[in-house]
Amino acid sequence: MQLAYGYGVYAHLPNWHTERSIMSTTEITAVDPVCGMTVNPNESLHSEHNGKLYYFCSQGCQKRFEANPVGVLTERTEKDLAKTHATANESSSCCHGSGPGKGSASKTPADTDAIYTCPMHPEIEQQGPGDCPICGMDLEPKFIDMADHGDDAQYADMKRRFWVGVVLSAPLLVLAMGPMIGLQIADWMSNTVFAWLQLALATPVVFWCGWPLLVRGVKSFHSMNLNMFSLIAVGTLAAYLFSLVVVLLPGVIPEAFFENGVPPLYFEAAAVIITLVLLGQVLELRARQQTGGAIRELMQLAPETAHRLTDDGEEEVSLDSVHKGDRLRIRPGEKVPVDGRVVSGSSSVDESMLTGEPIPLQKSEGDEVTGGTLNQTGALVMEAVGVGGDTVLSRIVQMVADAQRSRAPIQKLVDVVARYFVPAVIACSVLAFIGWAIFGPEPQLAHAFVAAVAVLIIACPCALGLATPMSVMVGVGRGAKEGVLIKNAEVLEVMEKVDTIVVDKTGTLTQGRPEVTAIETFAGANEPEILALAAAVETQSEHPLAQAIVRRAKENAREQLEATDFNSITGGGVRAKVDGRDVVIGKADLLIEQNVDGVAAGRDQAAKHQNEGATVIFVAVDGTLAALMAITDPIKPSTPAALKTLHELGLKVVMLTGDAERTAKAVATKLGIDEFHAGVSPEEKHAFVRKLKSEGKTVAMAGDGINDAPALAEANVGIAMGTGTGVAIESAGVTLVGGDLRGVAAASNLSRKTMSNIRQNLFFAFIYNALGIPVAAGLLYPFFGILLSPMIAAAAMSFSSVSVIANALRLRAAKLT
């Protein structure tokens with residue numbers, strides 16, 4: 001392997017630690033190949049490519065490099081690196097303004113080197129901020145910066161434009177509508193002054209307040225991805241430009257446009273439309289901030305600083321300056337800064353933010369701790385293992401953000417409709433103009449113009465575009481607060497159709513921490529002695545049942561014996577020598593195969609324990625059955641209530657377990673499981689799930705995400721159960737952070753409520769346009785004399801978006817369990 005420093009490559013020395021020491025004294029620097037920032041190799045993130053190490057100023061640059069290293073290196077030649085190196089040194093700022101190695105860099109308002117994506121169309125990605133070429137929405141950063149607690153720049157900008165629009169549109173509206181309410185403006189102002197005053201008030205509203213909307217509209221015609229901004233731009237510019245011609249060149253206006261002997265002005269319509277659309281944008285951005293509440297709450301779990309131990313003592317550093325291998329001190333009452341391993345000290349740690357369980361866990365040397373959890377009673381010194389984007393918390397945050405931007409399959413229907421909707425609306429607008437111009441009352445062209453603009457504005461498809469993404473964003477965020485992590489919107493849609501839940505027993509229905517509940521001895525064996533012999537053998541096994549025996553022996557404070565010649569026997573057992581005695585531990589059938597005497601006599605006693613839900617193992621010493629141990633994995637207190645909820649939802653629950661038939665039956669009977677299968681291997685679980693699918697069932701499989709991986713992959717929806725650092729975030733469609741069956745019920749409820757909310761939003765959007773366009777075109781005029789003004793159309797359009805947003809936000813208060 002070689003190391004890329006600056007612009008050259010240095011051979012990898014045999015002793016990496018020595019090499020780091022030498023380079024640190026000579027102050028050799030490296031250049032980030034993505035942004036050109038000068039970084040310190042000793043304090044930076046790094047990745048390997050083709051045997052070389054490349055160093056990065058932040059996680060954003062590292063992720064971009066890892067996604068396409070060849071493209072990055074091809075684009076940034078050595079000459080480019082030299083230029084950006086000089087620029088970076090002059091400005092002394094990092095493109096990201098956060099992350100390891102940032103030095104004195106300050107955060108810039110917009111990260112121009114980060115990857116941005118569209119919240120409506122996640123397939124759209126570009127470097128730096130901008131707007132979506134499809135829908136015109138502002139792009140947002142794809143990767144979440146844990147050091148960034150929310151950037152309100154876009155919201156603040158839109159709000160500022162909106163309030164300026166309100167201040168200027170209000171007097172404009174009074175001037176234009178004054179005569180309708182008895183205000184005779186002509187008595188104290190000439191028509192010329194009146195027109196120029198309206199022009200002065202409307203121009204900054206249209207071309208400053210509404211500039212982002214107009215730019216998006218023009219771009220949509222340039223790319224022919226017509227959207228809501230296409231209609232807004234056409235409608236407002238038509239109203240404004242017509243009025244401008246009236247002011248500057250009144251003689252060119254046909255008399256068919258005249259009202260009361262003068263050509264009409266529509267400045268107030270253009271300004272008020274822009275202001276109302278900005279109101280909708282402000283409300284939408286505010287709603288998006290609210291939907292991001294789950295992410296912000298997760299991000300706030302991590303502390304801002306950490307106490308790093310160095311050769312010179314202890315120093316307080318920002319979290320983004322912590323690197324893998326750093327030793328950190330955690331005082332009582334402080335949060336664990338990053339993922340790591342305890343190297344000294346002992347304390348209880350509250351991991352409820354991950355597990356949902358309020359009982360703190362004892363941590364001592366060698367135990368793993370997770371960033372964001374709360375240290376309670378004692379002081380700990382830990383070694384950082386996972387930092388930055390590698391922590392459990394960071395991965396959860398990124399997963400939630402990615403899921404909120406994902407698209408449900410139902411969105412395809414919306415996309416198809418939207419593709420033809422805007423051209424159809426423009427056609428309707430033209431037809432409305434022609435119809436009024438030919439058949440309308442005097443002034444015909446004036447009425448035609450109003451109807452055409454009203455159709456364009458009221459048909460704005462923003463409500464249609466918001467219907468699905470808003471519900472997905474709120475639903476995914478709501479699930480995150482309950483510890484239900486949804487991988488993408490498609491999972492939500494499929495989960496709604498699930499009719500069968502397949503669950504593992506150990507760790508899903510039960511605590512996953514077996515306990516020895518009974519020991520029965522035979523042939524005059526001594527219980528403490530047998531327990532000590534068995535624990536000596538099982539110490540070398542990682543099986544949960546083996547660990548239960550070891551824990552029981554420690555509780556009895558027996559002197560720990562040493563086992564030799566340890567051997568794992570195929571078929572479910574172990575064998576070893578302890579103090580010169582031959583010890584065999586396993587199932588009854590295995591001991592019979594090993595020619596152990598007296599096993600038949602112990603079967604009857606074993607059956608009694610198995611009927612009560614216990615797993616029984618046999619212990620033989622020197623060829624004779626010495627004892628049997630009943631081991632029980634306690635059922636989680638929340639399991640019965642969770643199963644009741646699943647049944648109320650109409651779901652069939654099937655339990656698959658590797659335990660004995662009697663044990664599985666006892667648990668299934670006690671919990672009211674619909675169907676169970678015992679003695680099932682991981683391969684058989686996979687085959688069983690496939691069989692259910694072949695029968696037309698839609699299956700969700702809940703397991704630990706590791707042993708049950710084949711079945712999880714085969715199921716329509718895989719649900720990974722896990723706690724703490726063992727959570728299998730990327731192994732399934734749904735991850736239950738707390739490892740609790742209540743999460744399965746919550747996920748099922750969440751999917752149903754979210755999909756129902758999406759359908760409600762689509763109904764609102766479709767029915768609104770189905771009714772609004774004919775009304776705006778003048779359908780009611782022949783019957784009631786009602787012709788919708790463009791301003792009323794704009795207000796109605798904004799209301800449709802607000803109704804969709806408000807309906808989606810109801811999911812935040814949805815009861816899931």
Side-chain angles (χ1 to χ4, degrees), residues 354-357 396 399 403 475-476 478-488 490-512 633 635-657 667-668 670-676 685 688-689 692-693 697-709 711-723 726-729 731-755 814-817:
L354 281 174
T355 66
E357 299 295 334
I396 290 175
M399 181 180 180
V476 169
R478 179 70 184 91
K481 289 185 177 181
E482 295 285 334
V484 179
L485 305 182
I486 307 294
K487 195 164 192 177
N488 53 51
E490 183 176 359
V491 171
L492 276 175
E493 189 164 335
V494 176
M495 188 71 193
E496 183 201 25
K497 303 171 185 174
V498 166
D499 51 33
T500 305
I501 303 287
V502 178
V503 298
D504 184 32
K505 180 177 77 70
T506 304
T508 303
L509 302 176
T510 63
Q511 298 278 14
D633 188 2
I635 293 172
K636 292 180 178 179
S638 59
T639 296
L643 288 171
K644 180 182 178 183
T645 303
L646 291 173
H647 284 135
E648 289 174 350
L649 292 171
L651 300 172
K652 179 180 180 180
V653 182
V654 180
M655 181 182 76
L656 303 182
T657 178
V667 173
K670 182 176 181 180
L671 294 175
I673 302 290
D674 299 307
E675 181 182 334
F676 75 93
K685 289 181 181 180
F688 182 81
V689 171
L692 287 175
K693 289 174 63 180
K697 304 289 187 183
T698 304
V699 184
M701 169 70 188
D704 62 11
I706 301 171
N707 296 331
D708 299 313
L712 286 170
E714 181 63 34
N716 297 99
V717 178
I719 303 175
M721 313 283 291
T723 56
V727 62
I729 292 175
S731 67
V734 179
T735 298
L736 307 180
V737 179
D740 194 319
L741 193 64
R742 285 175 300 186
V744 178
S748 182
N749 248 328
L750 176 67
S751 66
R752 297 185 184 199
K753 291 179 183 294
T754 302
M755 294 308 301
K815 190 176 186 306
L816 302 184
T817 55

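On a predicted model such as this, the values are computed, not experimentally measured, just so you know.
The minimum heavy-atom distance linking Ala715 with Met701 is given by the pair CB-CB, 3.6 Å. When all heavy atoms of Val484 and Gly743 are compared, the closest pair comes out as CG2-O, 3.9 Å. In plain terms, the two heavy atoms of Val744 and Ala702 that are nearest each other are CG2-CB, 4.2 Å. Taking every heavy atom of both residues into account, Leu750 and Gly475 meet most closely at CD1-O, 3.4 Å.
A donor-acceptor contact shorter than 3.5 Å links the side chain of Asp499 to the backbone of Thr698. Using a distance-only test at 3.5 Å, with no hydrogens or angles considered, a donor-acceptor pair links the side chain of Arg478 to the main chain of Ala814. Not one N or O on the side chain of Thr510 forms a donor-acceptor pair closer than 3.5 Å with the backbone of Asp633.
Separating the CE atom in Met655 from the CD1 atom in Ile501 is a distance of 15.5 Å, to the nearest 0.5 Å. Note: Lys481 NZ to Leu816 CG = 11.0 Å, rounded to the nearest 0.5 Å. A distance of 5.0 Å separates OG1 of Thr754 from CG of Leu492, quoted to the nearest 0.5 Å. Between the OG atom of Ser751 and the CD atom of Glu493 there is a distance of 10.0 Å, given to the nearest 0.5 Å. Interatomic distance, Leu741 CG to Leu643 CG, rounded to the nearest 0.5 Å: 5.0 Å. The OG1 atom of Thr500 lies 9.5 Å from the CG atom of Asn716; values are rounded to the nearest 0.5 Å.
Side chains of Phe676 and Val667 form no contact here, defined as non-hydrogen atoms less than 4.5 Å apart. Between His647 and Val653, the closest side-chain pair of non-hydrogen atoms falls below 4.5 Å. A heavy-atom distance below 4.5 Å is found between the side chains of Leu736 and Ile719.
Environment of NZ in Lys693: crowded, with over 12 heavy atoms of neighbouring residues, nucleotides or ligands closer than 6.0 Å.
Under the side-chain hydrogen bond (donor to acceptor under 3.5 Å, both in side chains) criterion, Lys753 pairs with no residue, sequence neighbours left out. Not counting sequence neighbours, the partners of Thr645 by the side-chain contact (heavy atoms from CB on, under 4.5 Å) test are Leu649, Ala745, Asn749.
Shown are Val498, Ile486, Val699; of these, the side-chain contact (heavy atoms from CB on, under 4.5 Å) with Val717 is made only by Val498. Just one residue in the list Thr639, Ile635, Asp504 forms a side-chain contact (heavy atoms from CB on, under 4.5 Å) with Leu509, and that residue is Thr639.
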Check step by step if side-chain contact (heavy atoms from CB on, under 4.5 Å) holds for Ile673 and Val654.
CA-CA 7 Å; Ile673 302 290; Val654 180; 5.9 Å; no
